[in-house]
Amino acid sequence: LQTGTLPMREILIACGDVNLLKQLLQEIPAQTYKPIATKRGANIAQKLANRGLVEAIVHEALEDGTTSALIQELKQLQPTPKILLIGAKKPDARTYPQADITLHYPCPGPVLRNALRQIAPPEQDEANLESWRLFYRELKDRNATLDGLDYYQIMLIPRDAPHHVLVKAF
């Protein structure tokens, strides 16, 4: 069966608290994301322009207090990244209407990973779906060849095999 690996995606992680920033970096799936970490929000969006960033985690309390400005600037990038806004208490969605998801942090790991799946780009889901389609086609092709075979041929044993060979093959 064929297996493939998906390329790592860059994700912005902006958090004013260094300890929380380190904790976030440890909790995001390392095999999926290549993090870009910052404590400040000023001029970050301009530095990320043309990098194809599609996901961001922004903490409500940045070191320079530019959370709203960062979110607005990120939403002007092409492609437009989806933003997971986190805070010590769940941030008010009315205060930050451009955030796609709000979540209190720290939170249990599965909750954070679920939120990350919600902001993941849809093409990743399509790539996963295509790998399942390839698997299904290969399985279907293998099963089609079994129709003309008898039990001995399927088990790859000769017809006149002794009993202990049959038991071992089974």
Side-chain angles (χ1 to χ4, degrees), residues 1-140:
L1 299 176
Q2 298 176 358
T3 59
T5 58
L6 298 173
M8 291 181 70
R9 300 188 310 263
E10 289 186 322
I11 184 169
L12 172 67
I13 302 176
C15 181
D17 183 334
V18 176
N19 292 327
L20 277 179
L21 183 60
K22 288 179 181 178
Q23 185 176 343
L24 274 166
L25 289 170
Q26 289 176 344
E27 288 192 39
I28 63 168
Q31 68 279 9
T32 305
Y33 293 105
K34 179 180 175 186
I36 302 167
T38 183
K39 297 186 300 182
R40 298 174 193 89
N43 301 319
I44 295 299
Q46 293 84 1
K47 293 176 184 176
L48 297 174
N50 302 319
R51 288 185 71 164
L53 183 79
V54 293
E55 297 162 278
I57 301 172
V58 178
H59 194 278
E60 196 172 25
L62 295 179
E63 191 174 79
D64 57 0
T66 58
T67 304
S68 292
L70 175 61
I71 292 172
Q72 289 175 354
E73 291 170 7
L74 287 172
K75 285 299 186 175
Q76 293 172 4
L77 294 177
Q78 289 301 322
T80 305
K82 289 201 173 185
I83 299 171
L84 169 59
L85 180 65
I86 59 174
K89 295 181 179 177
K90 184 175 180 178
D92 185 6
R94 293 171 296 192
T95 306
Y96 303 99
Q98 291 184 312
D100 296 287
I101 299 174
T102 58
L103 184 69
H104 76 84
Y105 188 83
C107 61
V111 174
L112 178 64
R113 288 189 296 276
N114 184 38
L116 288 172
R117 276 193 295 276
Q118 291 179 41
I119 64 170
E123 53 268 12
Q124 293 306 107
D125 294 337
E126 185 61 35
N128 189 28
L129 184 60
E130 186 56 32
S131 68
W132 278 107
R133 284 183 185 134
L134 287 171
F135 170 76
Y136 178 72
R137 274 189 231 125
E138 185 175 341
L139 192 60
K140 191 174 175 183

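FYI, the numbering just counts along the sequence from 1. Note that the coordinates shown come from a computational prediction; the quantities given were computed from them, not determined experimentally.
Looking at Asp100, its side chain does come within 3.5 Å of a backbone N or O of Ile83 through a donor-acceptor pair. The closest donor-acceptor contact from the side chain of Thr102 to the backbone of Lys90 lies at 3.5 Å or more, if one exists at all. Side-chain N or O atoms of Lys39 include none that pairs as donor or acceptor with a backbone N or O of Asp17 at under 3.5 Å.
What you find for Leu74 and Ala45 is that their closest heavy atoms are N-CB, 4.0 Å. Closest of all the heavy-atom pairs between Thr67 and His59 is OG1-O, 3.6 Å. Scanning both residues, Pro91 and Leu85, for their nearest heavy atoms gives CB-CD2, 3.6 Å. For the pair Ala56 and Ile119, the tightest heavy-atom approach, listed with the atom from each and the gap, is O-CD1, 3.9 Å. Summarising the geometry of Pro121 relative to Val54, their closest heavy-atom pair is CG-CG2, 3.8 Å, with the distance given to 0.1 Å. Annotation for Pro35 and Ile28: closest pair CB-CD1, 4.0 Å, computed over non-hydrogen atoms.
Counting heavy atoms from C-beta outward, Val58 and Tyr96 have side chains that stay 4.5 Å or more apart.
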One pair to check against side-chain contact (heavy atoms from CB on, under 4.5 Å): Thr32 and Arg9. What are the steps and the verdict?
CA-CA 6 Å; Thr32 305; Arg9 300 188 310 263; 3.8 Å; yes
Does the side-chain contact (heavy atoms from CB on, under 4.5 Å) test come out yes or no for Thr80 and Lys75, once each step is laid out?
CA-CA 5 Å; Thr80 305; Lys75 285 299 186 175; 3.6 Å; yes
Evaluate side-chain contact (heavy atoms from CB on, under 4.5 Å) for Gln118 paired with Asn114, printing each intermediate quantity in order.
CA-CA 6 Å; Gln118 291 179 41; Asn114 184 38; 3.3 Å; yes
Between Ile44 and Ile36, is a side-chain contact (heavy atoms from CB on, under 4.5 Å) present by the stated rule, with each step listed?
CA-CA 10 Å; Ile44 295 299; Ile36 302 167; over 6 Å; no
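We find the CD-SG distance between Glu60 and Cys15 to be 11.0 Å, quoted to the nearest 0.5 Å. Here the straight-line distance linking atom CG of Leu112 with atom CZ of Arg117 works out to 10.0 Å at 0.5 Å rounding. Taken from NZ in Lys47 to CD in Glu73, the straight-line distance is 11.5 Å, to the nearest 0.5 Å. Here the straight-line distance linking atom NZ of Lys34 with atom CD1 of Ile11 works out to 13.5 Å at 0.5 Å rounding. Between the OH atom of Tyr33 and the CG atom of Leu25 there is a distance of 13.0 Å, given to the nearest 0.5 Å. Distance check: Leu48 CG to Leu53 CG gives 5.5 Å after rounding to the nearest 0.5 Å.
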